[in-house]
Colleague: 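Quick one: the structure is below, and I'll ask about it shortly.
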2 protein chains.
Amino acid sequence: MVSKAPDIFPEIEIPDEISGLRMTAQRREVYRLLQQERNHPTANEVFMRVKDRLPNISLATVYNCLEALVQHGIIRQVNFERESSRYCPNLSEHGHFHDAATGVIHDVDFKPGVNLADVLNLPPGAVIDDVEITLRGKLASA
Amino acid sequence: MVSKAPDIFPEIEIPDEISGLRMTAQRREVYRLLQQERNHPTANEVFMRVKDRLPNISLATVYNCLEALVQHGIIRQVNFERESSRYCPNLSEHGHFHDAATGVIHDVDFKPGVNLADVLNLPPGAVIDDVEITLRGKLASA
DNA sequence: AATAATAATTGGAATAGTTCTTGATATTGA
DNA sequence: TCAATATCAAGAACTATTCCAATTATTATT
């Protein structure tokens, strides 16, 4: 007899529309999963997980949903090297620390009041639309 | 009658060995090209360019050469989103600014004396091996 | 210099993540 | 209700990269 792992979080309610994007059943479940499992899953991981609730969903649809959510600024797409894209619902400007030992990805926030131009020699006239910071290393067992 | 574009730079001399890596003809030309054309070419762009001098070189060999050079710390591999990897001979710790209008990639240096931990809330105990900073935006015509 | 051992190169096949295409299904608006 | 539009599913297609097996080049040893 197979028993499903219990949902750790109470059901997250998701409205019928977010930022102008209609929440279909598929988009809703994809988004809900990202909210609940904040370990930056790949499209395929999302696919496997969401199948619990929508057994007929296809991988192509997961890609479609993820793209729609990214396009509407509801989630973020994160890339490490040329590995599979990963997705996260943390919209605040942040970077990522990739623990080489465990593979776990930690969100890394900016300290308040930090200005990129204080830190980097930007090309003159540069207007920054998007910043991507990725760190790789180890967590010394504290 | 086809005339080759003249080499802008005088021939760059490359020793028989760099950081313990034997410089074969193929590796030498790949490396020379990266030194001369500092526009962060892709493997395929390197391939097409290097063919001028080594008409029989294969794309697989270009990939092999690039990997060997990266492995020995002679060049760096740079990834933007999930686009083709690009390669650059600038070894100093630096980031990249990607001009959305022109597609041109500019190297961006750190201001002297900047410490990552001053700027980011790193996870406690994090030891950083590698930093990757990518900016995307536009260059306001100065 | 000849030979054996090792390393590098080539060309094509294989792989993996993602995108595209087509037909079916659902939703919205008139 | 009907037409127009959007979304979905399934699998084919695409692309950057890696792998593989056979050949060629280089190095070390006699």
Side-chain angles (χ1 to χ4, degrees), chain A residues 14-33 40-72 74-88 103 105, chain B residues 14-33 40-72 74-88 103 105:
Chain A
I14 292 173
D16 287 351
E17 190 179 305
I18 304 180
S19 324
L21 181 68
R22 207 173 87 209
M23 281 294 115
T24 65
Q26 289 85 347
R27 289 176 187 155
R28 181 173 284 113
E29 292 307 327
V30 166
Y31 185 45
R32 192 187 335 252
L33 186 102
H40 304 81
T42 63
N44 198 56
E45 287 165 353
V46 171
F47 175 52
M48 293 189 303
R49 289 278 173 77
V50 164
K51 270 202 290 200
D52 290 349
R53 290 169 147 260
L54 297 175
N56 296 325
I57 196 170
S58 74
L59 179 55
T61 296
V62 171
Y63 273 105
N64 286 342
C65 292
L66 290 169
E67 192 192 336
L69 291 165
V70 168
Q71 228 75 134
H72 285 73
I74 301 167
I75 64 173
R76 304 186 71 176
Q77 179 171 6
V78 183
N79 297 299
F80 299 107
E81 309 287 306
R82 291 191 38 89
E83 294 167 13
S84 306
S85 288
R86 296 175 174 275
Y87 298 87
C88 87
I105 294 156
Chain B
I14 292 173
D16 286 351
E17 189 179 305
I18 304 180
S19 323
L21 182 68
R22 207 174 88 208
M23 282 293 115
T24 65
Q26 289 84 349
R27 288 176 187 156
R28 181 173 285 112
E29 292 307 329
V30 166
Y31 184 46
R32 192 188 336 252
L33 186 102
H40 304 81
T42 63
N44 197 56
E45 286 164 356
V46 171
F47 174 52
M48 292 188 305
R49 290 276 173 79
V50 164
K51 270 202 291 199
D52 290 348
R53 290 168 147 258
L54 296 176
N56 296 325
I57 196 170
S58 73
L59 180 54
T61 296
V62 171
Y63 273 104
N64 287 341
C65 292
L66 290 169
E67 191 193 336
L69 291 164
V70 168
Q71 227 76 128
H72 285 74
I74 301 167
I75 64 173
R76 304 187 73 177
Q77 180 172 5
V78 182
N79 297 300
F80 300 107
E81 309 287 306
R82 290 190 38 91
E83 294 167 12
S84 305
S85 288
R86 296 175 174 277
Y87 298 86
C88 89
I105 294 156

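Below, all heavy atoms of this structure are taken into account, side chains as well, without hydrogens, waters or symmetry copies. Here is the naming used below: chain letters follow the sequence lines, and residue numbers restart at 1 for every chain.
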Colleague: Check whether more than 12 heavy atoms from other residues, nucleotides or ligands sit under 6.0 Å from atom CZ of B:Arg82, and answer yes or no.
Modeller: yes
Colleague: Base, sugar-phosphate alone, or nothing: which one does A:Gln26 contact when heavy atoms must sit under 4.0 Å apart?
Modeller: sugar-phosphate
Colleague: Find the distance B:Asn64:CG to D:dT18:P and express it as a whole number of Å.
Modeller: 9 Å
Colleague: Want to settle it: does A:Tyr63 or B:Thr61 sit nearer the 5' end of DNA chain C, counting the closest nucleotide to each?
Modeller: B:Thr61
Colleague: Nearest-Å distance, NE2 (A:His72) to P (D:dA6)?
Modeller: 12 Å
Colleague: Does a side-chain N or O of A:Ser85 approach OP1 or OP2 of C:dT18 to a distance below 4.0 Å, or not?
Modeller: yes
Colleague: Need one value for A:Asn56: base, sugar-phosphate or nothing, where a base atom within 4.0 Å counts as base even if backbone is also close, heavy atoms only.
Modeller: sugar-phosphate
Colleague: Please state whether the phosphate of C:dA7, meaning OP1 or OP2, lies under 4.0 angstrom from any side-chain nitrogen or oxygen of B:Arg22.
Modeller: no
Colleague: Which whole-number value in Å describes the distance from B:Glu45 CD to D:dT17 C1'?
Modeller: 16 Å
Colleague: Reckon B:Arg82 has a side-chain N or O less than 4.0 Å from the OP1 or OP2 of C:dT18?
Modeller: yes
Colleague: Choose from D:dA10, C:dT18, C:dG12 the nucleotide whose nearest atom is closest to any side-chain atom of B:Ala60.
Modeller: C:dG12
Colleague: Is A:Arg27 reaching over with its side chain to a backbone N or O of A:Arg22, donor-acceptor style, under 3.5 angstrom?
Modeller: yes
Colleague: Starting at CD of A:Glu81 and ending at P of C:dG17, how long is that distance when rounded to a whole Å?
Modeller: 16 Å
Colleague: For the pair B:Glu45 and B:Arg86, find out whether any cationic side-chain nitrogen is under 4.0 Å from an anionic carboxylate oxygen.
Modeller: yes
Colleague: Could you tell me how far apart A:Asn79 (CG) and D:dA16 (C1') are, to the nearest whole angstrom?
Modeller: 14 Å
Colleague: What nucleic acid atoms does B:Asn44 come within less than 4.0 Å of, heavy atoms only: base, sugar-phosphate, or nothing?
Modeller: nothing
Colleague: Hey, which of these two, B:Gln77 or A:Arg27, hits DNA chain D nearer its 5' end, going by closest nucleotide?
Modeller: A:Arg27
Colleague: Please report the distance, rounded to the nearest Å, between CZ in B:Phe47 and C1' in C:dG12.
Modeller: 13 Å
Colleague: The side chain of A:Ile57 lies closest to which of these nucleotides: D:dA9, C:dT9, C:dT18?
Modeller: D:dA9
Colleague: What is the distance, to the nearest angstrom, from the CG atom on A:Leu54 to the P atom on C:dT25?
Modeller: 17 Å
Colleague: Inspect the contact between B:Glu29 and B:Arg53 and indicate whether a charged nitrogen and a carboxylate oxygen are less than 4.0 angstrom apart.
Modeller: yes
Colleague: Check the distance between D:dA6's C1' and A:Met23's CE and give it to me in whole angstrom.
Modeller: 14 Å
Colleague: OP1, OP2 of C:dT9 versus side-chain N and O of B:Thr24: anything below 4.0 Å?
Modeller: yes
Colleague: Just checking, is any N or O donor in the side chain of A:Gln26 or A:Thr61 under 3.5 Å from an acceptor N or O on the other one?
Modeller: no
